[in-house]
Amino acid sequence: MAKNLVIVESPSKAKTIERFLGKDFVVKASMGHIRDLHKNDLSIDLDNNFEPQYEIPKDKHKVVEELKKDVLKADVIWLASDEDREGEAIAWHLKEALRLKSETTKRIVFNEITRQAIINAVGNPRDIDENLVNAQQARRVLDRIVGYQISPVLWKKVKPALSAGRVQSVAVRLIVEREEEIKQFIPKVTYKTTAIFDILASEKQTLSAVLNRSFESKDEALAFFEACKGAIFTVKAVETKPAKLSPAPPFTTSTLQQEASRKFGFPVSKTMQVAQKLYEEGKITYMRTDSVNLSSFAIGMAKNEIIALYGENYVNTRNYKTNTKGAQEAHESIRPTHMENRTIEGDASEKRLYELIWKRTLATQMADALLERTTINIEVSGRQEAFVAKGEVVLFDGYLKVYSVSVDSEDEEEDLDARLPKIAQGDKLLLLSSKAQQTYSLHPARYNEATLVKKLEDLGIGRPSTYAPTITTIQKREYIVKEDRPAQKREVNVITLSKGEIKSADIKENYGTEKAKLFPTDIGVIVTNFLVANFKDIVDYNFTAKVEKEFDSVAQGKKDWHKMIASFYTPFNKEVTVATKEAEKATGERLLGIDPESKKSVYARIGRYGAMIQIGDKDQEEKPRFASMPKDRRIDDITLAEALKLFDMPRILGKKDTEEVSVNIGRFGPYVKYGKSFVSIPKTDDVYTITLARAIELIDSKPSKEKQVLKSFDNDKIQVLSGMYGPYIKSGGANYRLPKEIVIEQLTMEQCQEIINKSPKKKTTRKPVSAKK
DNA sequence: CAGTGAGCGAGCTTCCGCTTGACTT
């Protein structure tokens, strides 16, 4: 009979620990937090010291009920949630919600799941750290106040159902401001010069080099080439320097997301899903962590594996220190649980992610790579400039044997082994050819999901458990979109020097291609501008860092959390009041021009349902006309002509049989309407120019999706239909699920009636009209 | 994942951070 109940956060962890503790212990999981503020209101008593009002949310009722039963059977309760602010609060909430007595309740912590660590923990219990709990309460209350008081201001001043928050609003701001920087960016165009030399001293060997100066103008480049014609090229210096490369630290949540994005193009949510699966199957350690710590056990395993695979001289064990802002280090870094497994069973994504984690972990305990970097300087007689050739030779590959270097914004991995031909100081070279090409300087790079996570982590904003959900939220709210952009073409001038002849030509160059990058939407820009204007300190990049310092003071018992929140709330509440009373409605309105027909103004702006075009003003006698913004246009870039075209909709094309065929732009893009049926118009067709013939073609190609009636009773009052999710019962305008085990052929009217009567009364949950999933 | 194709207007929307399994019309 078990007399001890241990409560941890996750079920996988519970399973492992139970094995270590023996039969006197039962280990259960709380599944994270079990209490929270009420979902539908502020739930903070502003007039009573910000007292939070907690409840057990619906989806946690079952867990809590189960835990209550387990508590009754146990003599001692061990609260073993994580050793950080949130974990301490979970322990406290458990104690409160389960009404645990102090005498029989013990708080234990361990940050390594090994038998020894857990036995040590059980031998050293402590009390719940109230200061740490209060720091969490302060964090929770502040986030609730910020989110639930700013969001309603947005509903009133911008658009219903919008949201703002300490984390998400800053994430959106980063995207909006980066896009603005890109828009303001003026590229600098210079001539970059390269050359290929013949090494006279050695046969058939050539050397590529780059000029150490970029020319501002074509004239300068031409003048340089003129001078090159009769010049002598001499090797002035050959410098060789040793260099070493060290492996990157073990994976944390954010670095795993970045590498999986760079190497496999995984969105952060995919990385987390796959990692979760690997964790549940016991193949890797916990995947939500900000720690780069490896247990001594893990280091030992890695060492053995390296010796077995590559030999002793490839081993160099290391311990890494976390220096991320706000890191709480409740877990180990992300690593394989069994280093001897180079690969695993599973689907392609699981295999790839696991192998990435395995390689990265192994590499951290391997020797540095030793390189030799060589720089050759080539003098051009009569000129100040010099050509430079660089090369690198790997003398000892070390960790590079398993883990190659990858660089952001570069798809290819760095080629480390670029050997240079043998060459000596004083050698004379023959210029075979040289090329000066106009080169545009690059604007700052747009964020993708993973680089945005990196930036947030650098700013100390968000936590490993929230990076992926935050990225999803700001896309769901339509503040930002993830998009590809095709390459554009531009002409660049190229000057070549070959066989004593200088030629100039213009060639076409691709540029500006983007893949899965984050762009702000109209709403994102308008909301960000509104927040910066009215809640400057909240969307400040340092706001989180600032309040984290105060939470730390609370955690150390140096500050009272109520007082901390009070000193934040007073000025904040003033901002909310002022914004509610005085701020103009933020519509992002832009005057496009005058409609030549009606002589009225044409605007692009945000409306209740998103971006739209408006002709005329609302205080004029005649009501304004509206049209929604096309999907591929924004307030910033739509032209007057494009806007006016929208008012030609719906366009009546003609008739098919006796029914009218028309086209229009709806909620889900352009469509053809034929009688009562609708067919989407694919992107390859243009709704403004589509012909009747093509529209009929689209109508005919649409598979008829007549609902198949499988059975019918009582004069069609009860019908069994075949739907998207399989067969279902339709009766009195409502639909009912069919139990899986029912055989349709044998279904009787009485059975149907029973299913209908038994089905719970459903609430009509209406989703916001514009929300598309 | 799919299916869908407003406009009246009452009532609702919303945060961050822990953690899994929801199971549709």
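What you see below is based on every heavy atom in this structure, not just the backbone, and it leaves out hydrogens, waters and symmetry mates. Letters go in sequence order (proteins before strands), and every chain restarts at 1.
- Listed candidates were B:dC16, B:dT19, B:dT20. Nearest to the side chain of A:Tyr286 is B:dT19.
- Stacking is found between A:Trp155 and the pyrimidine-like six-membered ring of the B:dT13 base under the 5.5 Å centre-distance and 30° plane-angle cut-offs.
- In A:Lys673, the NZ atom is not crowded: 12 or fewer heavy atoms of neighbouring residues, nucleotides or ligands sit closer than 6.0 Å.
- Interface residues of residues 27-35 of chain A facing DNA chain B, ordered by number: A:Met31, A:Gly32, A:His33; criterion, heavy-atom separation under 4.0 Å.
- Considering only residues two or more places apart in sequence or on other chains, A:Phe266 meets the ring pair (Phe, Tyr, Trp, His ring centres under 6.0 Å) condition with A:Phe264.
- Legend: residues meeting ring pair (Phe, Tyr, Trp, His ring centres under 6.0 Å) with A:Tyr569, ordered by chain and number and at least two apart, are A:Phe50.
- Residue contacts shown for A:Val146 are absent, as no nucleic acid heavy atom lies under 4.0 Å away.
- Remark: A:Arg605 pairs with no residue by the salt bridge (charged side-chain N to carboxylate O under 4.0 Å, His left out) rule, at least two apart or across chains.
- Evaluation of the side-chain hydrogen bond (donor to acceptor under 3.5 Å, both in side chains) rule for A:Ser43 yields A:His38, A:Asp41 as partners, not counting sequence neighbours.
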Hey, can you pull the donor-acceptor pairs under 3.5 Å for the side chains in residues 61-70 of chain A, sequence neighbours left out?
residue	atom	partner	partner atom	Å
A:His61	NE2	A:Ile56	O	3.1
A:Asp70	OD2	A:Lys28	NZ	3.4

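- Checked by atom type, the side-chain pair A:Arg173/A:Thr528 shows no donor-acceptor distance below 3.5 Å.
- At the heavy-atom level, A:Gly462 lies under 4.0 Å from the strands shown only through sugar-phosphate atoms.
- Residues passing the side-chain hydrogen bond (donor to acceptor under 3.5 Å, both in side chains) test with A:Glu575, sequence neighbours excluded: none.
- Residue contacts shown for A:Thr466 include a base, since a base heavy atom lies under 4.0 Å away.
- Pairing analysis of DNA chain B (Watson-Crick: purine N1 to pyrimidine N3 plus N6-O4 or O6-N4; G-U wobble: N1-O2 and O6-N3; both under 3.5 Å) yields no stem of 3 or more pairs.
- Applying the side-chain contact (heavy atoms from CB on, under 4.5 Å) criterion to A:Thr472, with sequence neighbours excluded, gives no partner residue.
- Among the protein residues, A:Ser163 comes within range of the sugar-phosphate backbone only, with heavy atoms under 4.0 Å from sugar or phosphate atoms but none that close to a base.
- Residue A:Arg139 places a side-chain atom within donor-acceptor reach of the base of B:dC16, judged by atom type and a 3.5 Å distance cut-off alone.
- If you take atom C1' in B:dA10 and the same atom in B:dA6, they sit 16 Å apart, rounded to whole Å.
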